[in-house]
Q: 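Shown below is the structure under consideration.
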Amino acid sequence: MLDINYIRQNPDEILAMLHNRQLSAEEPKLHRVLECDKERKGLVQRSDALNAERNKRSKEIAEKKKKGIPPSEYEMIYEIVQDENRQIAEINTKLRPLEEEIENILLALPNKLDSSVPAGRSAADNEIFGEPVSFVHDLDFPVKNHLELGKSLGILDFERGAKISGAGFPAYIGKGARLERALINFMLDTHTERHGYTEVFPPFLVNQESLRGTGQWPKFADQVYHIGEDDLYAIPTAEVPVTNLHRGEMLETKSLPISYAAYSACFRREAGSYGKDTRGFLRVHQFNKVEMVKFTRPEESYAALEQIRSHAEAILVALKIPYRVLLLCSGDISANATKCYDIEVWSPAEQKYLEASSCSNFEDYQARRSNIRFKPDSKSKPEFVHTLNGSGLATSRLMVSLLEHYQTPEGHIRVPEALQRYTGFEEI
RNA sequence: GGAGAGGUGGCCGAGCGGCUGAAGGCAACGGUUUGCUAAACCGUCAUAGUUCUUAUAGGGCUAUCGAGGGUUCGAAUCCCUCCCUCUCCGCCA
């Protein structure tokens with residue numbers, strides 16, 4: 001969330017940001033929060049003054065009592081104090097809902113935008129970052145899509161997955177399962193051994209506070225699976241548990257930047273998106289992903305974003321999978337991020353790019369929500385760290401592109417060289 | 001599931017109705033000492049809001065001892081509810 005002080009001092013900037021994000025409808029929230037803030041200040045001042053009075057009189061009582069003066073001689077002080085307490089209570093009953101409203105609006109307002117984010121209305125306005133990266137694959141025959149390949153080879157089973165859970169819960173069978181696991185292991189090893197990340201295997205169920213910490217709550221509450229019995233939520237991404245690893249902590253300055261890589265299954269309800277890209281792996285309720293998360297000093301976060309992006313790209317380069325990078329425009333970038341790159345892999349069967357990674361800088365937006373701080377130096381006050389994350393990568397769309405690119409005219413799959421030591425076989 | 005113990009500052013830990021925003025220790029920072037390192041000694045050292053001033057600093061006031069509520073003139077301290085952690089027993093992977 002944003003700092004209320006910052007909003008108060010730069011309302012025009014926030015307003016411009018909302019327009020840029022195509023969220024002009026949120027404008028009343030901005031006005032309302034400023035109004036509430038002003039009102040709160042007045043109430044707090046009155047309540048503080050009354051508290052000061054009350055405390056002074058209480059001390060008076062204590063002193064008189066200590067001197068052994070009989071209570072009958074200062075009965076009237078009790079009355080005054082009680083009256084002051086009534087007034088304080090009255091102010092507090094007004095203050096509480098006000099503070100709650102401020103908190104709720106702050107939680108709902110989107111993040112600032114970095115100046116390098118291109119202005120745009122929708123996904124169509126995203127900028128292609130750099131050149132699309134291609135690799136030669138001889139596909140001069142009628143290509144099958146990943147569904148046909150998965151079915152004919154018996155490595156992906158959507159029907160049985162649907163039987164046991166519902167649509168969007170694929171089962172990987174035999175060499176398909178092994179390939180999936182190989183991808184995960186390859187990515188984790190690359191990030192930990194070559195890119196310097198510390199591996200984390202996080203909990204897959206989290207509490208609501210964790211969702212709020214990273215910004216999935218309250219905004220995306222309807223996209224998250226909820227286990228009512230224990231009031232826990234299935235993580236939509238490892239970003240949630242891994243970022244929350246340090247919730248409420250004062251980080252050792254010399255430990256920054258902190259870099260984590262984590263595998264997790266990811267669960268998404270995808271409510272409201274039925275009928276859109278629903279085939280096979282294009283949109284599923286459960287998928288696997290290796291996530292990179294970084295905590296940095298504020299001045300280092302944009303350099304760290306480029307690192308995360310390049311670390312995600314390194315996986316695709318190693319696997320020789322064609323991709324392009326998008327710099328998301330102001331109208332398409334998620335509410336939590338100040339800047340975001342999407343990495344899209346090419347699908348020869350669909351003849352389009354599929355999103356396989358999203359690398360974002362959140363600056364202090366998540367850190368403020370989850371109170372993750374550090375002291376720039378021993379004398380200075382605590383500051384919020386910057387948090388970032390990027391998929392490195394999600395396996396589902398990656399698997400689509402991999403199966404389709406590495407298919408043979410006979411309908412088999414060659415295993416990319418980089419994965420062979422992980423699969424233990426060269427062909428499916 | 002049953003029984004018990006506990007949640008205090010960056011960390012450990014004392015406090016169990018007013019003198020406690022909080023002893024003591026560790027860490028950190030400044031200094032003295034020192035050939036260097038170490039040690040010793042002295043000092044500084046929570047966060048937020050608000051206000052004042054001789055205003056890149058200092059002072060006053062307010063709030064904060066897991067969260068919320070209650071008792072009281074006054075609560076870290078007493079009572080209630082909730083959350084979390086730990087220990088033991090039971091059950092089970």
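Lettering follows sequence order; numbering is per chain, from 1. No hydrogens, no waters, no symmetry mates; every other heavy atom, side chains included, goes into these values.
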Q: Looking at B:U47, I'd like to know if its phosphate oxygens (OP1 or OP2) sit under 4.0 Å from a side-chain N or O belonging to A:N371.
A: no
Q: Please work out if A:I61 contacts a base, only the sugar-phosphate, or nothing of the nucleic acid, heavy-atom cut-off 4.0 Å.
A: base
Q: Taking the same atom, C1', in B:C19 and in B:G30, what whole-Å distance lies between them?
A: 31 Å
Q: A:R54 side chain N/O closer than 4.0 Å to the phosphate oxygens (OP1, OP2) of B:A63?
A: yes
Q: Taking CG from A:L50 and P from B:U50, how many angstroms apart are they, rounded to a whole number?
A: 18 Å
Q: Would you kindly give the CD-to-C1' distance between A:E63 and B:C73, to the nearest whole Å?
A: 14 Å
Q: What integer number of Å spans the P atoms of B:U81 and B:C86?
A: 23 Å
Q: Rounded to the nearest angstrom, tell me the gap between atom CZ in A:R373 and atom P in B:C11.
A: 10 Å
Q: Taking only side-chain nitrogens and oxygens of A:N92, does any of them come within less than 4.0 Å of OP1 or OP2 of B:A63?
A: no
Q: Distance check needed: B:U72 C1' versus A:I88 CD1, whole Å only.
A: 14 Å
Q: Give a yes/no on whether any side-chain N or O of A:R57 is located under 4.0 angstrom from OP1 or OP2 of B:G18.
A: no
Q: Whole Å only: how far is the CD1 atom of A:I69 from the C1' atom of B:G18?
A: 16 Å
Q: Would you indicate whether A:E100, at its atom CD, is surrounded by more than 12 heavy atoms from other residues, nucleotides or ligands within a distance under 6.0 Å?
A: no
Q: Could you check which nucleotide pairs with B:C29 in any of the strands shown, counting Watson-Crick or G-U wobble with both distances under 3.5 Å?
A: B:G43
Q: Can you check the distance between B:A22 and B:C45, where both ends of the measurement are the C1' atom (answer in whole Å)?
A: 15 Å
Q: Select from A:A52 and A:V81 the residue whose nearest nucleotide in RNA chain B is closer to the 5' end of that strand.
A: A:A52
Q: Side chain of A:R96 only, heavy atoms from C-beta on: which candidate in B:G18, B:G69, B:U62 is closest?
A: B:G69
Q: Is the shortest side-chain heavy-atom distance between A:R268 and A:T237 below 4.5 Å?
A: yes
Q: Check this for me, if you would: do A:E35 and A:R32 make a salt bridge, where the nitrogen-to-carboxylate-oxygen distance has to be below 4.0 angstrom?
A: yes
Q: For B:C86, which nucleotide in any strand shown is its Watson-Crick or wobble partner with both distances under 3.5 Å?
A: B:G4
Q: Can you tell me how far C1' of B:G49 sits from NZ of A:K38, to the nearest Å?
A: 18 Å
Q: May I ask which nucleotide in the shown strands pairs with B:G17, Watson-Crick or G-U wobble, both distances under 3.5 Å?
A: none
Q: Using both distances under 3.5 Å as the test, list the Watson-Crick or G-U wobble partner of B:U53, or none.
A: B:A57
Q: If only side-chain N and O atoms of A:K381 are considered, is one of them under 4.0 Å from the OP1 or OP2 phosphate oxygen of B:A48?
A: yes
Q: In whole angstroms, how far is the C1' atom of B:U72 from the CG atom of A:D83?
A: 17 Å
Q: Kindly indicate, with the supporting measurements, whether the criterion side-chain hydrogen bond (donor to acceptor under 3.5 Å, both in side chains) is fulfilled by A:K339 and A:S116.
A: CA-CA 8 Å; A:K339 182 174 184 177; A:S116 65; 2.9 Å; yes
Q: Quick one: which of A:Y225, A:F220, A:W217, A:F267 gives a ring-ring contact (aromatic ring centres under 6.0 Å, His included) with A:Y233?
A: A:W217
Q: Paired with B:G24 by Watson-Crick or G-U wobble geometry, both distances under 3.5 Å: which nucleotide is it?
A: B:C12
Q: Hey, does the side chain of A:K41 come within less than 4.0 Å of B:U51's phosphate (OP1/OP2), counting only N and O?
A: yes
Q: For B:A14 and B:A23, measure between their C1' atoms and round to the nearest Å.
A: 6 Å
Q: Using 4.0 Å as the upper bound for N to carboxylate O, is an ion pair formed by A:E270 and A:R283?
A: yes
Q: Between B:C89 and B:G10, how far apart are the P atoms? Round to whole Å, please.
A: 36 Å
Q: Taking the nucleotide of RNA chain B with the closest heavy atom to each, which residue, A:D48 or A:K375, is nearer the 5' end?
A: A:K375
Q: Which base sits across from B:C91 as a Watson-Crick or G-U pair, both distances under 3.5 Å?
A: none
Q: Give A:N85 one of three labels, base, sugar-phosphate or nothing, depending on what nucleic acid heavy atoms sit under 4.0 Å from its own.
A: sugar-phosphate
Q: Can you tell me if A:Q45 touches the phosphate of B:U62, counting only side-chain N or O atoms and a distance under 4.0 Å to OP1 or OP2?
A: no
Q: In whole angstrom, give the distance that lies between atom CD of A:Q208 and atom P of B:C83.
A: 14 Å
Q: If we take the P atom in both B:A75 and B:U56, what is their distance in whole Å?
A: 38 Å
Q: For B:C29 versus B:U71, give the span between their C1' atoms, rounded off to a whole number of Å.
A: 44 Å
Q: Return the nucleotide paired to B:U37: Watson-Crick means purine N1 to pyrimidine N3 with N6-O4 or O6-N4, wobble means G-U with N1-O2 and O6-N3, both under 3.5 Å.
A: none
Q: Do other residues, nucleotides or ligands put more than 12 heavy atoms under 6.0 Å from A:E417 CD?
A: no
Q: Is there a Watson-Crick or G-U wobble partner for B:U71 with both distances under 3.5 Å, and if so, which one is it?
A: none
Q: When you compare B:C92 with B:C84, how far apart are their C1' atoms, in angstrom units rounded to a whole number?
A: 23 Å
Q: Quick check: A:Y6 with A:F384 (ring centres under 6.0 Å apart)?
A: no
Q: Does a side-chain N or O of A:N55 approach OP1 or OP2 of B:U62 to a distance below 4.0 Å, or not?
A: yes
